[in-house]
Amino acid sequence: MVYTGRFAPSPTGPLHFGSLLAALASYLDARAHHGRWLVRIEDLDTPRVVKGASDRILKTLEQFGFEWHGPVIYQSDRLSIYNDALTELVSHQLAYPCSCSRQKIRQRTGSNRYDGYCRVHPPKHRTGCAIRSICAEDYSFDDLIQGPQTANHPIEDFVIFRRDGFFAYQLAVTVDDAAQQINHIVRGSDLLDSTPKQIHLQQQLGYPQPIYAHIPVATNLQGQKLSKQTLAPALDSHQTRQQIIRALRFLGQQPVAELSDCRLDECLAWAVEHWDINAIPKRMGIILESN
Ligand code: GLU
């Protein structure tokens, strides 16, 4: 089976150095395996989508020398496919409607962890309800970078369709990874907690399980992940090679000094040839030194 990887940005703002790490690591791993690398725009969470951000993200990827296979897919075009998966789960009684607000859950449980209330007390009306997936077992998996992952309690019944009418990230990403035949997922460690949920849905929907590798995320001095919320600056398209070299160092690769004088395509070709996923630090986060 041909290696198929992907980069799946949410168009909530421009790409920043943290996004470059995920794009680069997934790209180099795919290319080093002579595999395919796809780009998917995760634009389901309409209130958070920033107008023009998708086009800007794709342009930035091009400016950084990334080449992807096939057309870019947009999750907003695929609602009926997510609906089919949701219907299948509900009709097999693997998911159920839930009318609990976050506040109600907190009042009842003293935490944000869902207690399965609506599984036992089904709401009278389905309108305005979320849909939750039924989870009963512990899920463990081996991460190529972070090592064996074992949950010490079953994952909670998590939301796959939101009360505000949107399909949840966990459902859409699982359906799309299977539909696009993604078999290697290289992404930031901030998504490590989502992986058992996605494996759970893969099992319920009869999908194959991809191989996972979660890279450390870049953080500021306070340990917060670089993101729009922590005011990470947009990638500078006039400094592409320098930023790629910086990202390679962050990922534990050892870019040679000569790369500073290479063209961008030569720099990426070097990175593919010397890619070593085992050299990536086995850490969840690393403070990003300023330049
Ligand atoms: N769209 C997600 C994000 O930008 C990434 C999803 C994934 O890689 O699974 O954080």
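Start at 1 and go down the list; that is how both ligands and their atoms are numbered.
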Indicate yes or no: does D45 engage R162 in a salt bridge with an N to O separation below 4.0 Å. yes
Is R263 paired with E266 through a side-chain N to carboxylate O contact shorter than 4.0 Å? yes
Residues in side chain to side chain donor-acceptor pair (under 3.5 Å) with D115, at least two apart? R108
Using the side chain to side chain donor-acceptor pair (under 3.5 Å) criterion, which residues pair with D77? Sequence neighbours excluded. none
Note, Y82 side chain near R78 side chain (heavy atom, < 4.5 Å): yes
Give every pair formed by an N or O atom of ligand 1 and a protein N or O atom closer than 3.5 Å, one pair per line with both atom names and the distance to 0.1 Å, or write none.
| from | atom 1 | to | atom 2 | distance (Å) |
| --- | --- | --- | --- | --- |
| ligand 1 | 1 (N) | A8 | O | 2.7 |
| ligand 1 | 1 (N) | S10 | OG | 2.8 |
| ligand 1 | 1 (N) | E42 | OE1 | 2.6 |
| ligand 1 | 4 (O) | S10 | N | 3.4 |
| ligand 1 | 4 (O) | S10 | OG | 3.1 |
| ligand 1 | 8 (O) | R6 | NH1 | 2.6 |
| ligand 1 | 9 (O) | R6 | NH1 | 3.4 |
| ligand 1 | 9 (O) | R6 | NH2 | 2.9 |
| ligand 1 | 9 (O) | Y169 | OH | 2.8 |
| ligand 1 | 9 (O) | R187 | NH1 | 2.7 |

Once salt bridge (charged side-chain N to carboxylate O under 4.0 Å, His left out) is applied, what residue pairs with a partner in residues 13-33 remain, sequence neighbours excluded? none
